[in-house]
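Here is the structure we will look at, set down as structure tokens.
Just the heavy atoms: all of them, side chains too, but no hydrogens, waters or symmetry mates, feed the values below. Please read all numbers here as calculations on a predicted model, not as lab measurements.
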Amino acid sequence: MKITYKFDEDELYAFNYFRATRKNAGTIPTAIMIACAYLAAMLVIGYMCKFPVYTYFIMVGLAVAVFGFIMWFLRRKMKKSVKVMLYRQRKEDLMPQTTITLEEDYFEVYTVSRTSEIEYSSVERIEKSKQFIYLELDMNGEMGIPLRAFDSDQQRDDFLREFIEKTPKAVHVGLGDLMKKEHA
């Protein structure tokens, strides 16, 4: 099976945001911890100063707002870093046309500048999101395949089934419906 795609700028943002929240597993828990620490401090201050009860509800709302602000700031910071990369390098270098061919023992990733043969055993995680398929490889390698690269849902499902078969040791996230169909 062979697919060809090219990231657009929005997909590059989405892929990097996805990586920031998945690969750096501490990002969301850290934001939650900061919001909870803020809430705890405010509750202690409110208790010691004998604030009225309604102010506690305001404090909880503010803690949720702090969490939302952290996630918004993360997305904004990531977009800025991608824009800087796009400015410093040619877009073609960052977002080349890519062709993936599934072979028997490996899959080949071809771009204008290089060809790589990647063994299926090096795939540690396969995750499907709303916009793309995320492949985490050993040695900190990562790939994103936009879902629009597939001509149909059937082609996408066939591609993923073949990957699931050839990467039994990989963690499969968001692929439960495909896993059930395969084992049924």
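Summarising the geometry, atom CG belonging to Leu62 is positioned 13.5 Å from atom CZ belonging to Phe57; distances are rounded to the nearest 0.5 Å. In this structure, CG on Leu135 lies 6.0 Å from CD1 on Ile126, to the nearest 0.5 angstrom. Atom OG of residue Ser129 and atom CG of residue Leu147 lie 6.5 Å apart, to the nearest 0.5 angstrom. Going from atom NZ of Lys2 over to atom CD of Gln155 covers 12.5 Å, rounded to the nearest 0.5 Å. Interatomic distance, OG1 of Thr99 versus CD of Glu108, reported as 9.0 Å (0.5 Å rounding). The structure places CZ of Phe107 at 8.0 Å from CG of Leu102, a figure rounded to the nearest 0.5 Å.
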(request) Determine, stepwise, if the pair Arg161 / Glu165 fulfils salt bridge (charged side-chain N to carboxylate O under 4.0 Å, His left out). (result) CA-CA 6 Å; Arg161 275 193 197 92; Glu165 287 174 13; over 6 Å; no
(request) Walk me through it: do Lys128 and Arg156 pass the test side chain to side chain contact (heavy atoms under 4.5 Å, CB included)? (result) CA-CA 11 Å; Lys128 183 176 154 252; Arg156 180 197 66 217; 4.0 Å; yes
(message) Tyr134 vs Glu136, test: side chain to side chain contact (heavy atoms under 4.5 Å, CB included). Steps then yes/no.
(response) CA-CA 7 Å; Tyr134 171 76; Glu136 184 177 327; 3.7 Å; yes
(message) Would Glu127 and Val171 count as a side chain to side chain contact (heavy atoms under 4.5 Å, CB included) here? Give the steps.
(response) CA-CA 8 Å; Glu127 186 167 348; Val171 175; over 6 Å; no
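Glu117 has its side chain out of reach of Asp105: every pair of non-hydrogen atoms, C-beta onward, lies at least 4.5 Å apart. For the pair Thr4 and Thr98, the minimum side-chain heavy-atom distance is 4.5 Å or more. The shortest distance between side-chain heavy atoms of Val109 and Thr115 does not fall below 4.5 Å.
Hydrophobic clustering, with ILVMFWY side chains joined whenever heavy atoms are under 4.5 angstrom apart, keeps Phe73 apart from Met71. Linking Ile, Leu, Val, Met, Phe, Trp and Tyr residues whenever their side-chain heavy atoms come within less than 4.5 Å leaves Leu137 and Tyr110 in two separate clusters. The hydrophobic clustering, which links ILVMFWY residues whose side-chain heavy atoms are closer than 4.5 Å, places Phe69 and Met59 apart. Hydrophobic cluster membership differs between Val64 and Met33, with clusters built from Ile, Leu, Val, Met, Phe, Trp and Tyr side chains linked at under 4.5 angstrom.
Within 6.0 Å of CD on Glu119 lie no more than 12 heavy atoms contributed by other residues, nucleotides or ligands.
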Can you give the donor-acceptor pairs under 3.5 Å from side chains of residues 37-55 to other protein atoms, not counting sequence neighbours?
{"unit_1": "Thr55", "atom_1": "OG1", "unit_2": "Pro52", "atom_2": "O", "d": "2.5"}

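Checked against Phe163 for a side chain to side chain contact (heavy atoms under 4.5 Å, CB included), the options Val123, Ile145, Asp158 give a single hit: Val123.
Centroid-to-centroid, the aromatic rings of Tyr120 and Tyr106 stay 6.0 Å apart or farther.
Considering all non-hydrogen atoms of both residues, Ala35 and Ala63 come closest at CB-O, 3.5 Å.
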